[in-house]
Amino acid sequence: MTTGMIAATVGYDVERVRADFPILARRLADDRPLVYLDSANTSQKPEQVLRALDEHYRWRNSNVGRAVHQLGDAATADYEAARATVATFVGATDPAEVVFTKNASESLNLVAGVLAWADGARRVGPGDEVVITEMEHHSNIVPWQLLCERTGATLRWFGLTDEGRLDLSGVDALITERTKVVSVAWVSNMLGTVNPVADIARRAHEVGALVVVDGSQAVPQLPVDVAGTGADFVAFTGHKMVGPTGIGVLWGRRELLEELPPFLGGGSMIETVRMEGSTWAPPPAKYEAGTPPIAEAIGLGAAADYLSGLGMAAVAAHEHAITAYTLEGLRSISGVSVLGPTEAVDRGGAVSFVVDGVHPHDVSQVLDSYGVAVRAGHHCAKPAHRRFGVQSSTRASAYLYTTKTEIDTLVDGIHRVRKYFKVA
Amino acid sequence: MTTGMIAATVGYDVERVRADFPILARRLADDRPLVYLDSANTSQKPEQVLRALDEHYRWRNSNVGRAVHQLGDAATADYEAARATVATFVGATDPAEVVFTKNASESLNLVAGVLAWADGARRVGPGDEVVITEMEHHSNIVPWQLLCERTGATLRWFGLTDEGRLDLSGVDALITERTKVVSVAWVSNMLGTVNPVADIARRAHEVGALVVVDGSQAVPQLPVDVAGTGADFVAFTGHKMVGPTGIGVLWGRRELLEELPPFLGGGSMIETVRMEGSTWAPPPAKYEAGTPPIAEAIGLGAAADYLSGLGMAAVAAHEHAITAYTLEGLRSISGVSVLGPTEAVDRGGAVSFVVDGVHPHDVSQVLDSYGVAVRAGHHCAKPAHRRFGVQSSTRASAYLYTTKTEIDTLVDGIHRVRKYFKVA
Amino acid sequence: MSLDALYQEIILDHYRRPHHAGLREPYDAETRHVNPTCGDEITLRVHLSGTTAGDTVADVSYDAEGCSISQASVSVMSDLVIGKPVADAMTLHDEFLTLMQGRGAVEPDEDTLEDAVAFAGVAKFPARIKCALLGWMAWKDAVAQATRAPMSKEETA
Amino acid sequence: MSLDALYQEIILDHYRRPHHAGLREPYDAETRHVNPTCGDEITLRVHLSGTTAGDTVADVSYDAEGCSISQASVSVMSDLVIGKPVADAMTLHDEFLTLMQGRGAVEPDEDTLEDAVAFAGVAKFPARIKCALLGWMAWKDAVAQATRAPMSKEETA
Ligand SMILES: Cc1ncc(COP(=O)(O)O)c(C=O)c1O
Ligand SMILES: Cc1ncc(COP(=O)(O)O)c(C=O)c1O
């Protein structure tokens, strides 16, 4: 942790933050307070975002970019303002490089999908290779498997070290002249690992490959500068960054968005349509077929504003402190092992662990009876689990509203789990 | 209009309905009341839907189908209940046949997209034909153009009669043994025409073609029985049926959803993932990659409940009465001509018209100054406009909250348009 | 939310000492089922005695990785169905399915379901219903394959 | 929302009697632009006098289908740019663009923009800004093509 990050935590008042999130006041069964440690799965939403959604529907609801009337003007202005806000939030200088999708999965499928049909050198075909990693979320694996299967290309991947980091030792054998695309998670949703995406991007660009970064866990947690990563595309998702469901983002370099073929076809993405053939609108419209998630984009704009208000450096510092505290707490329990980096160094907030002798479903069931919400299963990262010889794990993931007291409740709960299942 | 439909209007209290829609109380510039006649573009939302959204985020927000905790159970139950509600609303017996997408455009692209990669006889390739119509929304044209371009198949289409109906005279030459897919709008969003989808489906099935129905304008307006259409797939969209943005539906026959390959790949649509290859979850999960539009699906469920509460027969009867009144009103103005059926017979609520000597942009601009919100342009149906020799038109589209007084304001406004531009 | 309603003593006993575990010969069909949500897997074999309509479940053997609920459920199931005519075992399957889908409102019949009544509480924990059903689904699928196999042999003969 | 702020008398005059309309020879480049939202189209030709850096806009001719704003805008634009050095005309383009994107806060310079100041009100009607810009975009594109063409001829020569 840098001094800057420590400094940033000083002004961070987690109780004031919590007051913005109505659901955190909720009581569960047996009148237990909610201890929500499933934020890597989806985050909770502050009042500010709920209000933006509600006010949109109540006062300004209209379709966008199509209508010449006052509501249409208002909704269009709000929608495009949200695009500009999101662009600024991730350090993109040109709002036209921000494409709204339905989630990060669609963003990743969009890139993989159009590469099957691209003209010229970008097109992925037989003999070409796509490189991913063994720690990817299924949403950054399956689209590339489908692309490779369908085009005759070959999928290759970075393996992992025992500590849960990318094994970059074979990089020169993996990223070669045959590589067309390299797609990597910035922050792992299972192991928590923060990957050196800028280094990988540099190497990939040397061989002329496109670089896709799955920023789904990075954008909610870290100050992000998409262009600074060196990536060509960065995907992320609204619901994990205190925004609504139903909205994702694909940031892409404008030349690429201009050059690549369309993904979904339909209303709003066209320049002109004749029965005999059509031409496309410039990006971002080109990749936003049909009525977009309007209220959701506006909600995401409010979410970005909310995060900017807290300051992403402060959010990252808080996340870092809580993660370190969680790792420490878990270390204190015998029979518990963490998958992924065990120290809070280059590490995001997802902490996956196994409790010897107790299946993750049973761990989380007992924790739930104490009001502690964690995730049990493979967290959409089966290959990473297989790499560590387990089928599933329990994952605690903190966020900007998480307190140390909540982590204490988690640790206490795990002790109870072990007693309940008589492994303590 | 049948006697049943007349009867249904008797109990219909449009003022009580209007009270449910907060935005209808809004005042525009110069303190003019909003006269919202752009519902074919997007509908307004009742309090009941806004409340469902807000309460979800406030009390039960969580990711679905993944978590073993009380919030996860609640959100999953709500999400799946919404699926069942929507299924019932459109007469589907099996909720697993209801796939949640982001909008109707994605639903249509989904079907067109997977047919490029299907195994065996379903796959669309060189020599195969896809049949659509000249009155389709761009979202039911461009996906098929892309499919045909990319696979070497041929796109063909039904032309239109001068009255704006499908010209079915050449059906036997159009739908042949080469036809792999027939995709038709149930109700045109521009001409208002209600198409004989069941007849077309029967003919298409005789030659073994798949039948896709674009129900985007039908489901909001008519009592719908998806299976009764004989279609294999029906696409529709939440925001036009008093639901939120960011949510669409693809209803599909289960065998087809099982047989066809996946569309978007990623979390939640898998059975198992290995780096070497993956297998898929059964439908509907198979077609719902990533975190779905959870709140939006729940909002759509609330919208379907709202419409069921009014009764779709009553909604259709009201729409029919208002449409007839609108057509009558427009007929009373000289220099105005309606594109599409001029009588309210087999006709939905969209009424597109041209005002001699005044461009639609200018028509709608003047109407807007009186608080009347209509759409001007091609309404994502350029080919249909070209068919009638115009580049664009003005469209008034009423819905379940529209009053005759509002139509009077529209008619009055058009008189003012003609005066303003000195064509009266 | 009482944990003990879910984790009945019988369930925990079966979980710790599962019956009929391990894959055995002979068998007529083998299936592999996965719970997509958590990754739990089961490989299950069924051996039927006789080849006509009046088949009996001669053996069920399995290799399963999963939580207490899924492990205990397949153990209890094996106890229940081994030795029963296929038709009767299928009735038990249906009864168990009804119990699981009943949201806790279905009263289980102890005479027929025996130890499986202990799973009544699972119906109140929606996320765990799939766990309880995993083994039963694999079994039903295996029986379908085992009974289909000879038929298709006859058809092609 | 005052309609008259949008529909200045000058605009309506140009709309009813557009200047320089109709496609003419000779020309160096022709472009076709579409407003994707409403389908309005313009085909526009530019003829430059001379082939070196000091070019002048010798003629602009066009065939346009569109609303009052887009029709009037291309008419006013033609008046403005015909006879001007390309560089000066391009400065006018930039000035007009700034005016349109200024949300009504930019004070137009009547000395340079002449009749085009009448479009100041359009900036307050966001949906109509594209209408006012359609002709200018087509013109800028045509000039780019016309000045690029001879260069590439030189390059290949
Ligand atoms: C007939 C028709 N089809 C398809 C669509 C596309 O729906 P969406 O924009 O929600 O994708 C629309 C509306 O825009 C429509 O009216
Ligand atoms: C690293 C990572 N990538 C991709 C995704 C997919 O995001 P979504 O489910 O919103 O599509 C997630 C979350 O589920 C994730 O954690």
Side-chain angles (χ1 to χ4, degrees), chain A residues 56 59-85 87 93-96 99-100 257-258 262 264-292 294 297-298, chain D residues 1-7 11-12 15 30-44 62-73 97 100-106 119-138 140-142 144-145:
Chain A
H56 166 74
W59 296 107
R60 295 156 77 86
N61 177 64
S62 169
N63 215 322
V64 294
R66 301 176 166 188
V68 185
H69 51 64
Q70 295 168 58
L71 288 185
D73 284 349
T76 305
D78 293 351
Y79 180 69
E80 294 304 331
R83 192 192 305 283
T85 301
T93 48
D94 180 0
V99 174
F100 285 126
L257 296 176
E258 275 168 3
L264 307 182
S268 311
M269 57 72 75
I270 57 100
E271 179 190 57
T272 194
V273 173
R274 294 176 168 266
M275 296 307 284
E276 298 78 14
S278 303
T279 54
W280 321 128
K286 178 180 173 185
Y287 290 106
E288 295 184 351
T291 302
I294 301 168
I298 292 167
Chain D
M1 210 67 82
S2 164
L3 271 185
D4 297 339
L6 178 67
Y7 295 119
I11 292 183
L12 294 178
Y15 172 45
E30 177 180 296
T31 55
R32 185 181 180 78
H33 274 225
V34 177
N35 181 341
T37 339
C38 62
D40 285 354
E41 292 185 1
I42 186 167
T43 304
L44 183 140
Y62 58 88
D63 180 26
E65 178 154 353
C67 63
S68 57
I69 303 295
S70 75
Q71 300 280 76
S73 181
L97 192 64
M100 287 300 102
Q101 294 173 341
R103 293 163 193 267
V106 173
F119 292 87
V122 176
K124 284 183 217 130
F125 295 79
R128 307 304 295 278
I129 294 171
K130 276 189 189 161
C131 311
L133 290 177
L134 187 66
W136 286 91
M137 295 297 165
K140 188 187 176 189
D141 196 5
Q145 284 183 29

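Residue numbering restarts at 1 for every chain, and letters A, B, ... go by the order of the sequence lines.
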Spacing of [atom1] belonging to [X] relative to [atom2] belonging to [Y], to within rounding of 0.5 Å:
| X | Y | atom1 | atom2 | value |
| --- | --- | --- | --- | --- |
| D:Lys124 | A:Asp73 | NZ | CG | 13.5 Å |
| A:Glu271 | D:Thr37 | CD | OG1 | 11.0 Å |
| D:Phe125 | A:Gln70 | CZ | CD | 8.5 Å |

| request: Indicate the atoms forming the closest heavy-atom contact of D:Arg128 with A:Val68, along with that distance. | output: CD-CG1, 3.9 Å
| Does atom NZ of D:Lys140 have more than 12 heavy-atom neighbours from other groups under 6.0 Å away? | no
| ring-ring contact (aromatic ring centres under 6.0 Å, His included) partners for D:Tyr62, two or more places apart |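 Result, ring-ring contact (aromatic ring centres under 6.0 Å, His included) vs D:Tyr62: none returned.
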N/O donor-acceptor pairs under 3.5 Å from side chains in residues 77-84 of chain A, not counting sequence neighbours:
| residue | atom | partner | partner atom | Å |
| --- | --- | --- | --- | --- |
| A:Asp78 | OD1 | A:Arg60 | NH2 | 2.8 |
| A:Asp78 | OD2 | A:Arg60 | NE | 2.6 |
| A:Asp78 | OD2 | A:Arg60 | NH2 | 3.3 |
| A:Tyr79 | OH | A:Glu288 | OE1 | 2.9 |
| A:Glu80 | OE1 | A:Arg83 | NE | 2.7 |
| A:Glu80 | OE2 | A:Arg83 | NH2 | 3.2 |
| A:Arg83 | NH1 | A:Val98 | O | 2.7 |
| A:Arg83 | NH1 | A:Glu288 | OE2 | 2.9 |
| A:Arg83 | NH2 | A:Glu288 | OE1 | 3.1 |

